[in-house]
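Beneath this line is the structure, given in structure tokens, with notes to follow.
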Amino acid sequence: MGSETASERRVHAVCMPYPAQGHVTPMLKLAKLLHARGFHVTFVNTEFNHRRLLRSRGAASLASVPEYAPTCSTLESMCSGVPMLSWPFFAEQQTNCRYKRTEWGVGVEIGGEVRRDEVAAIIKEAMEGEKGNQMRQCAEEWKVKAVEAARPGGPAETNLNRVIDEVLLSNKM
């Protein structure tokens, strides 16, 4: 490290995922993108999440981040065109549930005291009913939007490049 010349120095990014389910894989993907752009990346992980990651994906999971790793997240479900049933309990789940139901039209909430027959009715409506048809149609529309945004040269890549160039590589610090 001490023998590094000025031309060999790379910008150092420290990636620290929120220590909860569904946060590690997206942060690993971001770390891989930054590394591909020439960043020196330090990935900070909790021992608990590290053990879970190794147990679920194996030792090679940190060497190469796969293109898709199912974590049952809202983002991945929407990008796949999948309607969702939500039972919000903690953290951002209430906000995500509200948006799935009222803003995006791709979800239904399982509320309060959960009973088997109520859950069965909600699932049946989502799978076979009119509400389910509407949710699937909305989910498919969001999938098309996600595919368009993620295409090479699309808005997702453009905006990520702007963040890297204007924030992470900015000399204004």
Side-chain angles (χ1 to χ4, degrees), residues 13 15-34 43-46 48-57 61-62 65-164 166-168:
C15 296
M16 283 192 309
Y18 182 75
Q21 182 175 349
H23 294 257
V24 175
T25 299
M27 188 62 72
L28 278 171
K29 289 179 181 181
L30 176 61
K32 183 179 178 182
L33 288 169
L34 292 173
F43 190 86
V44 180
N45 203 1
T46 65
F48 175 76
N49 279 339
H50 184 74
R51 284 191 306 270
R52 283 183 63 216
L53 184 67
L54 293 178
R55 187 172 54 245
S56 68
R57 297 244 202 89
S61 62
L62 296 175
V65 180
E67 289 299 313
Y68 177 78
T71 59
C72 301
S73 76
T74 298
L75 179 62
E76 288 169 335
S77 296
M78 289 187 70
C79 292
S80 298
V82 177
M84 293 167 266
L85 303 178
S86 298
W87 186 23
F89 176 71
F90 181 71
E92 79 281 359
Q93 294 171 349
Q94 286 87 1
T95 302
N96 288 347
C97 181
R98 179 192 176 278
Y99 273 86
K100 288 178 217 175
R101 286 183 300 112
T102 62
E103 302 294 324
W104 304 324
V106 297
V108 66
E109 181 176 0
I110 300 171
E113 296 272 333
V114 177
R115 302 269 189 253
R116 182 182 304 231
D117 55 337
E118 293 170 12
V119 173
I122 292 170
I123 291 172
K124 185 172 182 165
E125 175 61 27
M127 298 295 290
E128 302 169 1
E130 182 59 33
K131 176 69 175 170
N133 290 334
Q134 292 170 354
M135 287 186 343
R136 280 189 295 284
Q137 183 178 358
C138 287
E140 188 59 36
E141 290 170 9
W142 280 106
K143 178 182 178 179
V144 170
K145 290 177 184 179
V147 167
E148 182 63 24
R151 68 177 163 65
E157 182 179 337
T158 301
N159 289 330
L160 176 61
N161 287 335
R162 278 188 64 206
V163 167
I164 291 170
E166 295 177 16
V167 177
L168 299 177

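Note that the coordinates shown come from a computational prediction; the quantities given were computed from them, not determined experimentally. If you read the sequence from its start, that first residue is 1, and numbering goes on from there. We use all heavy atoms of the structure for the numbers below, so side chains are in, but hydrogens, waters and symmetry mates are not.
At a threshold of 4.5 Å between non-hydrogen side-chain atoms, the residues K100 and M78 do not count as touching. The side-chain heavy atoms of L168 and L34, taken from C-beta on, include a pair separated by under 4.5 Å.
Across all their heavy atoms, G107 and R101 have their closest contact at O-CG, 3.5 Å. The two residues A150 and A156 come nearest to each other via the heavy atoms CA-CB, 4.3 Å. When all heavy atoms of P152 and E157 are compared, the pair lying nearest together is CA-OE1, 3.4 Å. Contact record, M135 with V108: SD-N, 4.0 Å, taken as the closest heavy-atom pair. Contact record, G105 with C138: O-CB, 3.4 Å, taken as the closest heavy-atom pair. Counting all heavy atoms, side chain and backbone alike, A126 lies closest to L85 at CB-CD2, 4.0 Å.
Put simply, CD1 on I123 and CD1 on I110 are 6.5 Å apart, with the number rounded to the nearest 0.5 Å. In this structure, OG on S86 lies 10.5 Å from CD on Q94, to the nearest 0.5 angstrom.
Sorted by first then second residue, the salt bridge (charged side-chain N to carboxylate O under 4.0 Å, His left out) pairs that include residues 123-148, not counting sequence neighbours, are E148-R151.
Between W104 and W142, the angle of the ring planes goes over 60°, which puts this pair in the perpendicular group of the 30/60° scheme.
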**OP:** Show the numbers, then the answer: is there a side chain to side chain contact (heavy atoms under 4.5 Å, CB included) between W87 and E109?
**Re:** CA-CA 6 Å; W87 186 23; E109 181 176 0; over 6 Å; no
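Checked against side chain to side chain contact (heavy atoms under 4.5 Å, CB included), R115 has the following partners two or more places apart in sequence or in another chain: E113, D117, E118.
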